[in-house]
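Have a look at the structure below before the remarks.
Note that this is a predicted model, so its numbers are computed, not measured. So you know, we letter chains A, B, ... as the sequences are listed, proteins then strands, and number each from 1.
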There are 2 protein chains.
Amino acid sequence: MYQQVARVRHDGGMSRQPKYRQVADALRREIDNGTHPPGARLPSESELSERFEASRNTVRSGLGLLVSQGLVTSSQGLGYEVAKHEVFELNASRFENLNFEQNGDAYSTDVTNAGRRPHQTFRVEILPAPAAVAERLKAEPESRTVLRFCHRFVDDTPWSTQATYYPSWLIDEAPRLAEPGDIEEGTTRYLADRGIEQVGYFDEISTRMPTPDEARLLEVGAGVPVLLWMRTGYSAERPIRCTITTLRGDLNRMNYEIGDQSARGEGAPR
Amino acid sequence: MYQQVARVRHDGGMSRQPKYRQVADALRREIDNGTHPPGARLPSESELSERFEASRNTVRSGLGLLVSQGLVTSSQGLGYEVAKHEVFELNASRFENLNFEQNGDAYSTDVTNAGRRPHQTFRVEILPAPAAVAERLKAEPESRTVLRFCHRFVDDTPWSTQATYYPSWLIDEAPRLAEPGDIEEGTTRYLADRGIEQVGYFDEISTRMPTPDEARLLEVGAGVPVLLWMRTGYSAERPIRCTITTLRGDLNRMNYEIGDQSARGEGAPR
DNA sequence: TAGTGGTCTAGACCACCTC
DNA sequence: AGGTGGTCTAGACCACTAC
């Protein structure tokens, strides 16, 4: 029953990949060279098991590698499918994007222009500042902040979440921030009208695998990292907001235009 | 021998996590709350197997989840260890960083200031432009480009790779770009001295799991994504370079300073 | 040499989807 | 009903590390 006793090396001592890696590498090559185009179904585990003369579990290990690299997805009862990605560009340096609500609009417009259907849910909360936010807002840890939270979809696919925190002192000057409804004219304009103008921002970008919570909200499978984008906005005197955007790494790309872009032209990199 | 027959649900029909997820969740909680601090060894597979009344393979599946989320690492003969990360900040918007070679110096300086030992290997190649690069340099696909490639380490830990492509027309005006040695004064100054001034750049940032090649160069285990940073630099007339930086996602964070930063102060977010 | 993780197998049963 | 992936087990042997 246990065949390990009979296992031998046929490679004359050459260092060799374990079998599950061979399976993964072979399938990866076939995906790269178009044998299995994006969206195609892969052969079933039992077929692959025969083809590679490996147990089903070994084949599963190999497939698991590909899944964890975001190359294929799997679903029960259906099989394995080659992942296909349509990346959305997100311009992070245009002045318009200083405006959170308008940013949302820009997002809706972009998505609609791409022939897709945008959708978002929105809520407002008052809660103690998370440590990272308090630090950036130069506020006391645990001090009260208003959170305006946005969960964005494209064609019912979760795309990103955006959490903007405002310090409590700002609420006194701009009370509508703490009210649940949309702010028609956009929060930035609303703030500007009250004499609070955002003159600059500081962006921080990092990546990691999603936490279980994020995986749930963004419905990302194993093997898809998230892009974390943290923007702290400043008036001339002090920080006025901190926006944390969590983007599905497989669906988003950010860009910044710095300096003179006149030579970039229109047919610029999509 | 096979106990599945005897397996029953004790949850009265409530939806329940599979056992390997319970293992992962329990360990994740213990890591989060400090029971297993960064750098600590986790109990061995057999100990966990007893504790959770699960087979070794099931425990392995759970640990595999944590590894694939970058929370723990494993090594043969040693055991599982809680990952500890020290993130390096990378300022992508300061003018100095327009200068590739000087960027390298800035990196060396930063690393040295942090009490770590920087190290890099460097090579120059002439090769056809990859499609993405040709597009950004507005050059014919497959047209000749000079690649200046840099592999960076901190304390012998691979940190990032940086590949800068220059279009062939530039080589005629700045032949030293194609020579293997360092350019003492920095490539940007060298180019500026020859009348080619970089007046702006376009940055694109994305994330994904590393390819096998990248995993090898950066020595990242499963569960660590890479940050991809593509910078296209322009003179007033046309693109002059395209730099692709691949950063270990667990060790790097990028930032951009846009607009007036006077309110950010010095004790700014680390 | 003992203990750790790494690979692999054979087989059982479950949950989901399609027909 | 039949096929697909998902979970789980028990056990074998290998490779690496520490002592």
Worksheet item: Please give, in whole Å, the distance from C/dG5 P to B/Gln76 CD?
Response: 10 Å
Worksheet item: What nucleic acid atoms does A/Ser61 come within less than 4.0 Å of, heavy atoms only: base, sugar-phosphate, or nothing?
Response: nothing
Please report, to 0.1 Å, the donor-acceptor pairs under 3.5 Å made by any side chain of residues 51-60 of chain A, with sequence neighbours excluded.
| unit_1 | atom_1 | unit_2 | atom_2 | d |
| --- | --- | --- | --- | --- |
| A/Arg51 | NH1 | A/Glu30 | OE2 | 3.2 |
| A/Arg51 | NH2 | A/Glu30 | OE2 | 2.6 |
| A/Ser55 | OG | A/Asn57 | N | 3.4 |
| A/Ser55 | OG | A/Thr58 | N | 3.2 |
| A/Ser55 | OG | A/Thr58 | OG1 | 3.1 |
| A/Arg56 | NE | A/Glu45 | OE1 | 2.6 |
| A/Arg56 | NH2 | A/Glu45 | OE1 | 3.1 |
| A/Arg60 | NH1 | A/Glu45 | OE2 | 2.7 |

Discussion item. Output the rounded distance in Å from CZ (B/Arg41) to P (D/dC16).
Written reply: 18 Å
Worksheet item: Which of parallel (below 30°), tilted (30 to 60°) and perpendicular (above 60°) describes A/Trp159 and A/Phe88?
Response: perpendicular
Worksheet entry | Check against side-chain contact (heavy atoms from CB on, under 4.5 Å), A/Leu217 and A/Thr246 | CA-CA 10 Å; A/Leu217 277 175; A/Thr246 307; over 6 Å; no
Response to the item:
Testing D/dT9, D/dG5, C/dC8 for proximity to the side chain of A/Ser55, the answer is C/dC8
Worksheet item: For B/Glu47 and C/dT4, what is the distance between atoms CD and P respectively, to the nearest whole Å?
Response: 7 Å
Worksheet item: Under 4.5 Å between any side-chain heavy atoms of A/Tyr256 and A/Ile205, yes or no?
Response: yes
Worksheet entry | Short side-chain to backbone donor-acceptor contact, B/Asp155 and B/Arg117, under 3.5 Å | yes
Discussion item. When you measure from the side chain of A/Arg41 to the backbone of A/Leu78, do you find a donor-acceptor pair of N or O atoms at a distance under 3.5 Å?
Written reply: yes
Item to complete: Could you check which of D/dG5, C/dG6, D/dT17 has an atom nearest any side-chain atom of B/Leu78?
Response: D/dT17
Practice prompt. Round to a whole Å and report the spacing from CD of B/Glu50 to P of C/dG3.
Written response: 13 Å
Discussion item. At less than 3.5 Å, do the side-chain atoms of B/Arg21 and the base atoms of D/dG6 form a donor-acceptor pair?
Written reply: no
Worksheet item: Side-chain N or O of B/Arg56 less than 4.0 angstrom from OP1 or OP2 on D/dA10?
Response: no
Item to complete: Starting at atom CD of A/Glu45, determine the distance to atom P of C/dC8, rounded to an integer number of angstrom.
Response: 16 Å
Practice prompt. Tell me whether the OP1 or OP2 atom of C/dT9 has a side-chain N or O from A/Tyr20 closer than 4.0 Å.
Written response: no
Worksheet item: Closest to the B/Ala54 side chain: C/dT9, C/dA15, D/dT9?
Response: D/dT9
Discussion item. For a quick test of reading the model: is some side-chain N or O of A/Ser46 closer than 4.0 Å to OP1 or OP2 of D/dG3?
Written reply: no
Item to complete: Round to the nearest Å and state the distance from B/Arg60 atom CZ to D/dT9 atom C1'.
Response: 14 Å
Worksheet entry | First encountered from the 5' end of DNA chain D, between A/Ser44 and B/Glu53 | A/Ser44
Worksheet item: Is there a donor N/O on one and an acceptor N/O on the other, under 3.5 Å, for the side chain of A/Asn57 and the base of C/dG11?
Response: yes
Discussion item. Looking at A/Gln22 and A/Gln17, would you say the former's side chain and the latter's main chain have a donor-acceptor pair under 3.5 Å?
Written reply: yes
Worksheet item: Could B/Asp25 and B/Arg28 be called an ion pair, given the rule that one side-chain N must be under 4.0 Å from one carboxylate O?
Response: yes
Item to complete: Quickly work out the B/Lys19 NZ to C/dA12 C1' distance and round it to whole Å.
Response: 14 Å
Item to complete: Convert the base pairs of DNA chain C into dot-bracket notation, remembering that pairs crossing earlier ones are written with [ ] and that bases paired across to another strand are shown as |; include only Watson-Crick or G-U pairs under 3.5 Å.
Response: ||||||||||||||||||.
Practice prompt. Rounded to the nearest angstrom, tell me the gap between atom OH in B/Tyr80 and atom P in D/dC16.
Written response: 16 Å
Item to complete: Go through C/dC8, D/dC8, D/dT4 for me and flag the one nearest to the B/Thr58 side chain.
Response: D/dC8
